[in-house]
Protein chains: 2
Amino acid sequence: MTSSRKARLYGGMDAEERRAERRLKLIDAAIDVYGEVGYRGATVKAICEAAELTERYFYESFANSEALLIAAYNHVVGHLHEEMAAAAAGGGDDPEARLRAALTLYFTRLKEHPKPARVFLLEISGISPAVDAVKLDALRVFSDILVPPARDPNGNDKGAATTLLSIGMVGAVISIALRWVSKHYRQPVEDVVAIAASFCRVALTEADRRQD
Amino acid sequence: MTSSRKARLYGGMDAEERRAERRLKLIDAAIDVYGEVGYRGATVKAICEAAELTERYFYESFANSEALLIAAYNHVVGHLHEEMAAAAAGGGDDPEARLRAALTLYFTRLKEHPKPARVFLLEISGISPAVDAVKLDALRVFSDILVPPARDPNGNDKGAATTLLSIGMVGAVISIALRWVSKHYRQPVEDVVAIAASFCRVALTEADRRQD
DNA sequence: CAGTATTGACAATCTATATTGTCAGATAAC
DNA sequence: GTTATCTGACAATATAGATTGTCAATACTG
């Protein structure tokens, strides 16, 4: 008991730390592999090899492939959203400025990291209900960053029509991103941002109009 | 030779006709099954059972599952696009009227036929490069129906920026449709059309603006 | 009716991968 | 240096479904 209370150290890390490190390596490897061959083409074996770990450690951290996909997605997208939110905050109070700042960051990151880009744009669709739910959640966050939800003075939820506007906006931005990525980043970032912003403006102004 | 020139009739149909009929039954069954369990959840066996045919006939008409998915998709979407084009034509010369007519038809059909809707909205994403290509093609047609491509007086192709506008527009419309379908058609058709149209208007007006 | 083409049911095979299990060697603790 | 823990390689098993093959029953033809 006394000696087993704290796990033996390996490489200066206790059991928990080692586990966490392996988990992270698997997530990184997964992003790499998904980026190469797609989620469906990615085998557990291939991911483990890329992570320089064996299958054993895969099942130590994840119940199955899907769990890893979700973890990888959340890893990438969580980070991205934080950055976007920060960028938006830098735009001050002007909705238009916030929007452009967030979009600029989004498309810049997309261009800097093609493989993660593939994970959260492409690979995440239509895998399973669980994955869809995760994605849906992320898109809501994404939308809220671009165009913060307008609540009426009573603090009520926005209406169904406004939701569809958000959905459409995000759909447009994602589709543009997808195309831009798949065509190897033809246009400069600022051009793409301008085009995406024109769709976001619909959500911005329509939502106002409907609130009168 | 003389007697084998014409195939034996079964049920009043010659070999070719019977083959065509079975093919059609398989496509219909596939749409049904995809609508229930998704493309990935759909086994060859299940589709054959739904079609009241055996696996043999599956491989008679299709090289593999993917081929059937593509056939089913083209079947559904080809028909839809014809109808949309006709509806648009009924809108006369006014781009706005054409747009609304086409969108109204689109969302109306979506509501009338939930299962085919699932096939061409959801099931078609990220299966394989071949399927993606088919989808890409269909979306281009879809886009051209909603907002006919503006060609400059010299008949040149539209620019890359205009392409991204089309992509964004279609992305918005499809996303709205997806949500509307998955939430069981909450809003009336005309409301959804109005929202979708507001995104299409971006492509309409921006394309003009950029052409000056 | 005899003979052949066609069909339907289903078994056999094949492939691919996930998942679990084994074990020898390496590493840290004492 | 001895022992317990941990690690890496890899074998064994399980599953699922596609694809091909067999054969008797059925429907047509002349």
Side-chain angles (χ1 to χ4, degrees), chain A residues 1-26 29-30 33-34 36-71 127-128 130-131, chain B residues 1-26 29-30 33-34 36-71 127-128 130-131:
Chain A
M1 249 258 180
T2 37
S3 77
S4 69
R5 168 145 305 171
K6 219 155 194 76
R8 176 180 290 190
L9 296 183
Y10 261 66
M13 293 183 281
D14 72 16
E16 196 45 47
E17 292 173 313
R18 295 198 303 276
R19 239 175 56 83
E21 165 144 318
R22 287 191 292 259
R23 192 188 135 92
L24 223 9
K25 279 183 83 172
L26 282 167
V33 175
Y34 295 160
E36 299 288 352
V37 301
Y39 170 69
R40 268 165 225 105
T43 64
V44 171
K45 199 157 179 263
I47 290 172
C48 291
E49 274 167 16
E52 299 176 297
L53 292 171
T54 61
E55 289 98 317
R56 174 132 70 98
Y57 297 110
F58 183 97
Y59 294 101
E60 174 196 55
S61 285
F62 305 99
N64 49 44
S65 294
E66 193 179 305
L68 173 52
L69 174 64
I70 291 175
I127 306 294
S128 78
V131 177
Chain B
M1 247 243 183
T2 37
S3 77
S4 69
R5 170 145 302 172
K6 218 152 196 77
R8 177 181 288 189
L9 296 183
Y10 262 65
M13 292 183 281
D14 70 17
E16 196 46 47
E17 291 174 315
R18 295 196 305 273
R19 239 175 57 84
E21 164 143 319
R22 287 191 292 257
R23 192 188 134 92
L24 224 9
K25 277 183 87 171
L26 282 167
V33 176
Y34 295 159
E36 297 290 351
V37 299
Y39 170 68
R40 268 165 226 103
T43 64
V44 171
K45 200 158 178 265
I47 291 172
C48 291
E49 273 167 17
E52 300 177 295
L53 292 171
T54 60
E55 289 98 316
R56 174 131 71 99
Y57 295 111
F58 183 97
Y59 294 102
E60 173 194 56
S61 284
F62 306 100
N64 49 44
S65 294
E66 193 180 305
L68 173 53
L69 174 63
I70 291 176
I127 305 293
S128 79
V131 177

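Every value quoted in this text rests on a predicted model; they were computed, and no experiment measured them. Chain letters run A, B, ... following the sequence lines, proteins first and then strands; every chain starts at 1.
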No-H, no-angle donor-acceptor pair, B:Arg8 side chain to D:dC28 base, under 3.5 Å: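 Yes, a donor-acceptor pair under 3.5 Å.
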Measuring only between side-chain heavy atoms, which start at C-beta, is [X] closer than 4.5 Å to [Y]?
| X | Y | value |
| --- | --- | --- |
| A:Arg19 | A:Arg23 | no |
| A:Tyr57 | A:Glu52 | no |
| A:Ile70 | A:Phe62 | no |
| A:Glu17 | A:Tyr10 | no |

Rounded to the Å, how far apart are [X] [atom1] and [N] [atom2]?
| X | N | atom1 | atom2 | answer |
| --- | --- | --- | --- | --- |
| B:Tyr59 | D:dG21 | OH | P | 12 Å |
| B:Asn64 | C:dT15 | CG | P | 17 Å |
| A:Arg40 | C:dA16 | CZ | P | 19 Å |
| B:Leu9 | D:dT26 | CG | C1' | 16 Å |
| B:Phe62 | D:dT19 | CZ | P | 13 Å |
| B:Lys25 | C:dT7 | NZ | P | 12 Å |
| B:Met13 | C:dA5 | CE | C1' | 15 Å |

Neighbours of DNA chain D within residues 43-51 of chain B, by heavy-atom distance under 4.0 Å: B:Thr43, B:Val44
Who pairs with [X] by salt bridge (Lys or Arg N to Asp or Glu O under 4.0 Å), at least two apart in sequence or on another chain?
| X | result |
| --- | --- |
| A:Arg56 | none |
| B:Glu21 | none |
| A:Glu36 | A:Lys115 |
| B:Arg40 | none |

DNA chain C: 5'-proximal contact among A:Gly12 and A:Phe58 (nearest heavy atom):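 The residue closer to the strand's 5' end, by nearest nucleotide, is A:Phe58.
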Stepwise side chain to side chain contact (heavy atoms under 4.5 Å, CB included) check, B:Leu69 with B:Ser65: CA-CA 6 Å; B:Leu69 174 63; B:Ser65 294; over 6 Å; no
Using nucleotides 7-13 of chain D, report all nitrogen or oxygen pairs with the protein that are shorter than 3.5 Å.
residue	atom	partner	partner atom	Å
D:dT7	OP1	A:Arg18	NE	2.9
D:dT7	OP1	A:Arg22	NH1	2.9
D:dT7	O5'	A:Tyr57	OH	3.3
D:dG8	N7	A:Arg56	NH2	2.6
D:dG8	O6	A:Arg56	NH2	2.6

